[in-house]
Participant: 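Structure below; questions to follow.
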Amino acid sequence: MSETVNTFEAQQQGRPTGPLVRGYEVIIGFETHAQLSTASKIFSRASTAFGAEPNTQACAVDLALPGTLPVMNKGAVERAIKLGLALGSHIAPRSVFARKNYFYPDLPKGYQISQFEIPVVQGGAVSFFLGEEKKTVRLVRAHLEEDAGKSLHEDFIGQSGIDLNRAGTPLLEIVTEPDMRSTAEAVAYAKELHKIVTWIGICDGNMQEGSFRCDANVSVRKPGDKLGTRREIKNLNSFKFMQQAIDYEINSQIDELEDGRAIEQATVLFDPATGETRTMRTKEDAADYRYFPDPDLPPLSIAADWIERVKATMPELPRATAERYVRDHGLSEYDAAQLTQSAALAAYFDDAVNAGATPKLASNWITGEMARA
Ligand code: ADP
Ligand code: MG
């Protein structure tokens, strides 16, 4: 990954490793929660369908009733394997579930089942073009975990309702290295990751329904300095808000530093109404969650032949499809990129060509008239 090496050298030499904003370098790392498209929950048989009446899809396991035990959903593991294969990651032959302990009314067990020390997917990278430039963002890991329920503050006066339908919904949390250097690069990364998870069919990608939510960790520094203190913007569920929130956060951190104040590590929320971020809590550390291996679940074993079986079901990936369009159909890089915006669009183009359409004409029509319609 030459980009990363160049970044490292520039940093060593005190040169900027990315475009400057008011004389500061911007550093961004993402944690993305992709909801896995299984019919049932990660550790129970309750349905994951969206939009049901509150608490009609929460079974005894999701309610944490005494005597219940979690049972791993194989389909969720299979989807994690697919992501690892798509991103060139190491798929751990043995990974471990851990309890992340905290109290919140929408978390009946008092802990979330997640993975901590040994996640199922390790390393890998997401590559994409930002204009003409190829960018590579390294992944730290992707781990399986369950979602929590939801508090409903609007429906009851002076009270909060709890809807546990979402409790136990399977999530894959995908964590990057702090490799991004601008808002535009961060949004392009999120779009590329969104494209990949929907393309390989592990997540429906519906951002309004919360199926794909990003936490953006943002810090700024003078070129050559060590990493600055980061603030984490939670739950960004639209690319437009993502861009607004990160831009706002960069400028407010620079304002703070220019006023001679230090950045306090915090978790913040973006308010689309004001276009501002505000502090939700000063950031807790991993130690605060008292992680420990979950004694209710054995370590997750993934045999090599399971990985091979999943590999056989993998579709051609967007980059390979685009390269094929350039090579076999003589399309431009630009047209190929347009046609591989989604698996459905690419499949439609393939069908048209297979039915006898001239590739260039079909491409023009699909990306032009059809896309407009
Ligand atoms: P935690 O699990 O407590 O949120 P991590 O160290 O695992 O903390 O980092 C979470 C995310 O924050 C990762 O995506 C990482 O790349 C990013 N990150 C870490 N340090 C910085 C920093 N100084 N500036 C921006 N992002 C950062
Ligand atoms: Mg975090």
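All residue numbers refer to positions in the sequence shown, counting from 1. One-based numbering, in listed order, for ligands and for the atoms of each.
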Participant: Measure from atom 14 (O) of ligand 1 to every heavy atom in Ile28, Asp215, Thr176, Val26 and give the option owning the shortest one.
Facilitator: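 The nearest heavy atom belongs to Thr176.
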
Participant: Regarding atom 18 (N) of ligand 1: of the candidates Arg138, Glu232, Arg230, which has the closest heavy atom?
Facilitator: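 Checking each option, the heavy atom nearest atom 18 (N) of ligand 1 is found in Arg230.
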
Participant: Hey, are Glu369 and Arg372 close enough for a salt bridge, meaning a charged N less than 4.0 Å from a carboxylate O?
Facilitator: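 So Glu369 does not pair with Arg372 through a salt bridge.
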
Participant: Can you list the atoms of ligand 1 that are under 4.0 Å from a heavy atom of Phe30?
Facilitator: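 Here the atoms of ligand 1 in question are 14 (O).
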
Participant: Give a yes or no answer on whether the side chain of Lys135 reaches the backbone of Met180 with a donor-acceptor pair at less than 3.5 Å.
Facilitator: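 Checking the backbone N and O of Met180 against the side chain of Lys135, no donor-acceptor pair under 3.5 Å is found.
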
Participant: Is Pro178 close to ligand 1, meaning an N/O of one under 3.5 Å from an N/O of the other?
Facilitator: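 Looking only at distances, the answer is yes, because the N/O contact criterion of under 3.5 Å is met.
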
Participant: For the pair Arg319 and Glu323, find out whether any cationic side-chain nitrogen is under 4.0 Å from an anionic carboxylate oxygen.
Facilitator: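 Salt bridge: yes.
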
Participant: Does Lys134 count as lying over the ring of Phe128, i.e. NZ or CZ under 6.0 Å from the six-ring centre, within 45 degrees of the axis?
Facilitator: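 No, Lys134 does not sit over the ring of Phe128.
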
Participant: Under 3.5 Å, N or O to N or O, is Gly228 touching ligand 1 that way?
Facilitator: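 Between Gly228 and ligand 1, an N or O pair is found under 3.5 Å apart.
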
Participant: Please work out, at 4.0 Å between heavy atoms, whether the side chain, the backbone, both, or neither of Val175 comes within that distance of ligand 1.
Facilitator: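 Val175 to ligand 1: side-chain contact only, backbone stays beyond 4.0 Å.
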
Participant: As a check for students: among Glu31, Glu177, Arg141, Met180, identify the option with a heavy atom nearest to atom 4 (O) of ligand 1.
Facilitator: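 Residue with the shortest heavy-atom distance to the ligand atom: Glu31.
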
Participant: Looking at Leu227, which atoms of ligand 1 are within less than 4.0 Å of one of its heavy atoms?
Facilitator: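 Answer, ordered by atom number: 23 (N).
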
Participant: Answer yes when Arg324 and Glu316 have at least one side-chain N-carboxylate O distance shorter than 4.0 Å, and no when they do not.
Facilitator: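 Salt bridge flag = yes for Glu316 with Arg324.
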
Participant: Output yes when Lys109 and Asp296 qualify as a salt bridge under the 4.0 Å nitrogen-oxygen rule, no when they do not.
Facilitator: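 Judged by the 4.0 Å cut-off on N to carboxylate O distance, Lys109 and Asp296 do not form a salt bridge.
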
